[in-house]
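All figures in this text were calculated on a predicted structure; none of them were measured in a lab. Excluded from the calculations below are hydrogen atoms, water molecules and symmetry mates; all remaining heavy atoms, backbone and side chain alike, are included.
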Amino acid sequence: MHTCVFKEDARKAYLDQDGKVDLGKIQARWSELGKIKVSLGNKYFTPAVVEKVKGLSDSDQQRFLDVMMGGLSNDDSSVGVYATRPEDYDVFSFYLEPLIREYHKIEGQTKQEHDWNIPVGEYVLTKIDSRLEKVSMRARVARNVKGWNLPPSMDKDERIRFENKMVEVFGSFGIQGKYHSLTPGHKNYITNEQADQLRNKHFLFNDMTTDNHLTSSGVASDWPYGRGIWVSEDETKMIWIGEEDQLRIISIVQGNDLGKVDQSLHELLTGIEKSGLEFAEHPVYGVITTCPTNMGTGKRQSILGKFPNITKGGTDEKKLKEVARSLGLQARGVGGEHSNMDKEGTADISPSARFGVTEAIVTKRLYEGLIKLYDMEVQAAGGNRQNCCIIY
């Protein structure tokens with residue numbers, strides 16, 4: 001378990017006595033971490049990159065250090081970089097492009113395309129098993145707004161101004177709902193108890209200061225200012241403000257038709273765009289996100305399912321993650337990326353691909369992967385599947 005350290009303190013270890021970036025200290029730290037695990041941020045910090053960084057202005061060198069802080073501060077990082085502003089993907093392309101290409105398995109001149117033409121009535125879970133009638137299905141997209149810093153480099157004032165801007169949008173974008181703010185003194189402020197009620201419903205994100213990846217990268221700085229959640233009247237649509245990305249736009253549907261989740265999500269996304277906000281996009285990578293793993297569509301689509309047989313009663317979550325990975329899927333605990341599974345093997349299952357696939361293909365891959373995953377759950381039970389899906 002890491003002791004959480006905030007970026008403002010953590011980055012001091014990589015500065016010289018004059019407060020300038022010390023590339024030697026950075027290299028020494030990456031070498032030390034490499035004995036435990038080599039993140040992509042570590043792998044691509046090459047001598048050629050070091051030479052390029054030496055030629056940057058002092059302010060860009062400081063920004064470059066900020067990009068790496070999440071990886072430098074965590075020995076379990078797989079990627080280890082977070083963009084601090086949309087233009088980082090161009091200014092530091094000499095470092096980030098090969099990293100992005102490896103993570104997303106990009107070859108040649110791939111360019112991100114978008115396609116929300118997702119059929120209703122085709123990707124129906126009861127076709128897999130008649131008992132999969134009421135499943136918690138969700139889809140979310142990560143979005144950042146053009147003209148604002150990304151969360152790792154926002155200061156307290158910018159976070160609050162962005163939150164207030166979004167409150168204006170919520171009042172005019174045509175979908176009935178309510179905004180709940182974690183910002184002390186905000187007109188929509190909610191107490192810790194009220195926030196926990198939203199977390200118990202699996203709506204609101206957790207306290208970000210408990211995750212060292214988020215604190216050391218600057219994502220969690222100024223917590224809880226500028227953070228909150230908008231929830232639609234029927235509780236099927238929600239928007240997070242101020243988590244890893246400025247916005248996480250979410251649709252949650254209890255049912256069995258994956259296409260209906262997309263329909264709901266696209267309606268929400270369109271409503272925000274019609275309000276006049278322009279999302280940050282890259283001409284090659286598509287949707288700009290803080291973590292390069294979400295670039296492309298920025299879309300993550302999932303269901304909550306029980307896999308007691310593959311996980312041996314939740315005791316072998318590693319097995320489920322390995323099986324899911326072999327199918328192009330990702331398995332997480334219900335609390336998110338670094339959470340554990342319960343004794344029933346309850347997991348959040350989603351396709352891992354974000355870049356080089358369209359929104360429609362993400363949905364198709366989830367459905368096709370679930371067919372295979374549930375078949376393997378049956379085999380793990382000797383051909384007799386226990387009830388495998390759960391409602392929240």
Exercise. About how many Å separate CZ of R138 and CG of L304, when rounded to the nearest 0.5 Å?
Worked result: 5.5 Å
For this session: Is it possible for you to say whether V120 and Y367 belong to one hydrophobic cluster, with membership spreading through side-chain heavy-atom contacts below 4.5 Å?
Result: no
For this session: Determine whether more than 12 heavy atoms belonging to other residues, nucleotides or ligands lie under 6.0 Å from atom NZ of K364.
Result: no
For this session: Determine whether more than 12 heavy atoms belonging to other residues, nucleotides or ligands lie under 6.0 Å from atom CD of E87.
Result: yes
Problem set entry | Sub-4.5 Å side-chain heavy-atom contact between I249 and R140 | no
Exercise. Any chance the side chains of S264 and S251 put a donor and an acceptor closer than 3.5 Å?
Worked result: yes
Problem set entry | Any donor-acceptor N/O pair, N74 side chain to D76 backbone, under 3.5 Å | no
Problem set entry | Residue of the set H202, R300, R332 for which side chain to side chain donor-acceptor pair (under 3.5 Å) holds with D348 | R300
Exercise. Could D207 and R199 be called an ion pair, given the rule that one side-chain N must be under 4.0 Å from one carboxylate O?
Worked result: no
Exercise. Is there a donor-acceptor contact under 3.5 Å from the side chain of T270 to the main chain of H266?
Worked result: yes
Problem set entry | Ring-face cation of K25 near Y14 (centre distance under 6.0 Å, axis angle within 45°) | no
Exercise. Can you tell me if S153 uses its side chain to pair, donor with acceptor, with the backbone of T84 under 3.5 Å?
Worked result: yes
Problem set entry | Intermediate values then yes/no, side-chain contact (heavy atoms from CB on, under 4.5 Å), I252 and M137 | CA-CA 6 Å; I252 300 178; M137 308 178 296; over 6 Å; no
For this session: Examine the side chains of N256 and E133 and answer whether a donor and an acceptor come within less than 3.5 Å of each other.
Result: no
Exercise. Does one side chain, of T363 or D262, offer a donor that lies under 3.5 Å from an acceptor on the other?
Worked result: yes
Exercise. In terms of side-chain heavy atoms, does Q301 have a donor or acceptor partner in K299 at a distance below 3.5 Å?
Worked result: yes
Problem set entry | Side chain to side chain, V141 and V287, heavy atoms closer than 4.5 Å | no
Problem set entry | CG-CD distance between D22 and Q27, expressed to the nearest 0.5 angstrom | 11.5 Å
Exercise. CZ of R365: more than 12 outside heavy atoms within 6.0 angstrom?
Worked result: no
Problem set entry | Co-membership, hydrophobic cluster, residues L182 and I160, 4.5 Å side-chain | no
For this session: Would you check if the side chain of Q246 reaches a backbone N or O of V145 as a donor-acceptor pair within less than 3.5 Å?
Result: yes
Exercise. With under 30° as parallel and over 60° as perpendicular, where do the rings of F64 and F92 fit, or are they tilted in between?
Worked result: perpendicular
Problem set entry | Any donor-acceptor N or O pair under 3.5 Å, side chains Y44, E102 | yes
Exercise. Would K201 and E235 pass as an ion pair if we require N to O under 4.0 Å?
Worked result: yes
Exercise. Are the side chains of K187 and V167 in touch, meaning some heavy atoms are under 4.5 Å apart?
Worked result: yes
Problem set entry | Residue pair I371 / D375, side-chain heavy-atom distance below 4.5 Å | no
Exercise. Will you find, in the side chains of H180 and Q194, an N or O donor that is under 3.5 Å from an N or O acceptor?
Worked result: no
Problem set entry | Lys/Arg-Asp/Glu bridge criterion (N-O < 4.0 Å) met for E368, K372 | no
Exercise. Is the Y179-F170 ring centre distance short of 6.0 angstrom?
Worked result: yes
Problem set entry | K156 side chain near Y225 side chain, heavy-atom distance below 4.5 Å | yes
Problem set entry | Lys/Arg N to Asp/Glu carboxylate O, E8 vs K12, below 4.0 Å | no
Problem set entry | Test item: side-chain donor near acceptor, N117 and E359, under 3.5 Å | no
Problem set entry | Min side-chain heavy-atom separation V219-H213 under 4.5 Å | no
Exercise. Could you give the distance from OH (Y95) to CZ (F45), rounded to the nearest 0.5 Å?
Worked result: 7.5 Å
Exercise. Does L247 offer a backbone N or O that forms a donor-acceptor pair with the side chain of R143 under 3.5 Å?
Worked result: no
For this session: Determine whether L96 and M69 fall in the same hydrophobic cluster, where Ile, Leu, Val, Met, Phe, Trp and Tyr are linked whenever their side-chain heavy atoms lie under 4.5 Å apart.
Result: yes
Exercise. Is it true that the side chains of S78 and K37 contain a donor and an acceptor less than 3.5 Å apart?
Worked result: yes
Exercise. Any sub-3.5 Å donor-acceptor pair from T183's side-chain atoms to G226's backbone N or O?
Worked result: yes
Problem set entry | From CH2 (W116) to CG (L265), nearest 0.5 Å | 4.0 Å
Problem set entry | Donor-acceptor contact present, side-chain S216 to main-chain K7, <3.5 Å | no
Exercise. Hey, do the aromatic rings of F355 and Y103 have their centres closer than 6.0 Å?
Worked result: no
Exercise. Can you check whether F173 and W230 have ring centres sitting under 6.0 Å from each other?
Worked result: yes
For this session: Before giving the answer on side-chain contact (heavy atoms from CB on, under 4.5 Å), spell out for Y82 and L150 the whole-Å C-alpha distance, their side-chain angles and the decisive distance to 0.1 Å.
Result: CA-CA 9 Å; Y82 292 85; L150 298 179; over 6 Å; no
Problem set entry | Donor-acceptor under 3.5 Å (N294 side chain, A142 main chain) | no
For this session: Flag the pair K20 and D18 as a salt bridge only when some basic side-chain nitrogen lies within less than 4.0 angstrom of an acidic carboxylate oxygen.
Result: no
Exercise. Between the side chains of S232 and K178, is a donor N or O closer than 3.5 angstrom to an acceptor N or O?
Worked result: no
Exercise. Hey, is R29 close enough to E32 for a salt bridge, meaning N to O under 4.0 Å?
Worked result: yes
Problem set entry | Electrostatic pair D66:R63 at N-O distance under 4.0 angstrom | no
Exercise. Do other residues, nucleotides or ligands put more than 12 heavy atoms under 6.0 Å from K237 NZ?
Worked result: yes
Problem set entry | Polar side chain donor-acceptor pair, S352 to Q330, under 3.5 angstrom | no
Exercise. Is it true that a side-chain atom of E278 and a backbone atom of K146 form a donor plus acceptor pair closer than 3.5 Å?
Worked result: no
Problem set entry | Ion pair check, E163 and R159, cut-off under 4.0 Å | no
Exercise. Is there a side-chain contact between K52 and V49, using heavy atoms and a 4.5 Å cut-off?
Worked result: no
Problem set entry | Side-chain touch V21/Q62, heavy atoms, less than 4.5 angstrom | yes
For this session: Please answer whether the main-chain N or O of E244 pairs with a side-chain N or O of T290 as donor and acceptor at a distance below 3.5 Å.
Result: yes
